[in-house]
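Remarks on the structure that follows.
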Amino acid sequence: MYSVRVRGRLTGIPLHDYIEVVERRPGDAPDETALTCRVADAAALTGVVALLHDLGLTVTEMHALPDVPTS
């Protein structure tokens with residue numbers, strides 16, 4: 001699982017069509033969107049970054065999160 005911050009809002013961008021993601025607006029940076037996404041491996045993570053870039057989004061921060069199993 002990864003936490004990714006991108007500059008701007010994702011209004012009208014259907015990320016859910018491409019990746020398993022949860023979006024939220026962080027209180028400390030109202031001009032950014034925080035994403036939490038689950039990826040299978042490093043190749044999938046590279047694909048997420050490429051997708052965000054292709055959608056015109058700028059990644060401002062990314063870090064790994066402890067993986068919590070889904071039941």
Side-chain angles (χ1 to χ4, degrees):
M1 247 177 142
Y2 286 85
S3 173
V4 181
R5 280 193 184 206
V6 295
R7 186 170 298 125
R9 296 182 181 212
L10 302 182
T11 306
I13 299 175
L15 281 182
H16 298 286
D17 290 351
Y18 304 102
I19 58 176
E20 181 184 339
V21 65
V22 175
E23 302 172 27
R24 66 178 177 77
R25 304 285 300 160
D28 63 336
D31 60 334
E32 293 187 347
T33 300
L35 308 171
T36 303
C37 59
R38 183 179 305 276
V39 295
D41 53 27
L45 179 60
T46 300
V48 169
V49 173
L51 172 64
L52 295 171
H53 179 266
D54 290 348
L55 292 171
L57 300 169
T58 300
V59 175
T60 59
E61 180 182 328
M62 178 186 307
H63 62 272
L65 299 173
D67 199 17
V68 178
T70 56
S71 321

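Owing to the predicted nature of the structure, the values given are computational and were not obtained by experimental measurement.
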Which distance, rounded to the nearest 0.5 Å, do you find between the [atom1] of [X] and the [atom2] of [Y]?
| X | Y | atom1 | atom2 | value |
| --- | --- | --- | --- | --- |
| Glu20 | Arg38 | CD | CZ | 5.5 Å |
| Thr33 | Leu57 | OG1 | CG | 8.0 Å |
| Cys37 | Leu51 | SG | CG | 10.0 Å |

*May I ask whether Leu55 and Val48 are part of the same hydrophobic cluster, defined by side-chain heavy atoms of I, L, V, M, F, W, Y residues being less than 4.5 angstrom apart, directly or through others?*
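Same hydrophobic cluster.
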Is there side-chain contact between [X] and [Y], with at least one heavy-atom pair below 4.5 Å?
| X | Y | value |
| --- | --- | --- |
| Val6 | Thr58 | no |
| Met62 | Leu45 | yes |
| Thr36 | Leu65 | yes |

*side chain to side chain contact (heavy atoms under 4.5 Å, CB included) between Val59 and Val4: does it pass, once the steps are laid out?*
CA-CA 7 Å; Val59 175; Val4 181; 4.0 Å; yes
*Begin from the C-alpha positions of Leu35 and Leu52 and carry the test side chain to side chain contact (heavy atoms under 4.5 Å, CB included) through to its verdict.*
CA-CA 11 Å; Leu35 308 171; Leu52 295 171; 4.1 Å; yes
*Answer yes or no: is there a donor N or O on one side and an acceptor on the other, between the side chain of Thr60 and the main chain of Arg5, under 3.5 Å?*
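Yes, the answer is positive, given that a donor and an acceptor are paired below the 3.5 Å cut-off.
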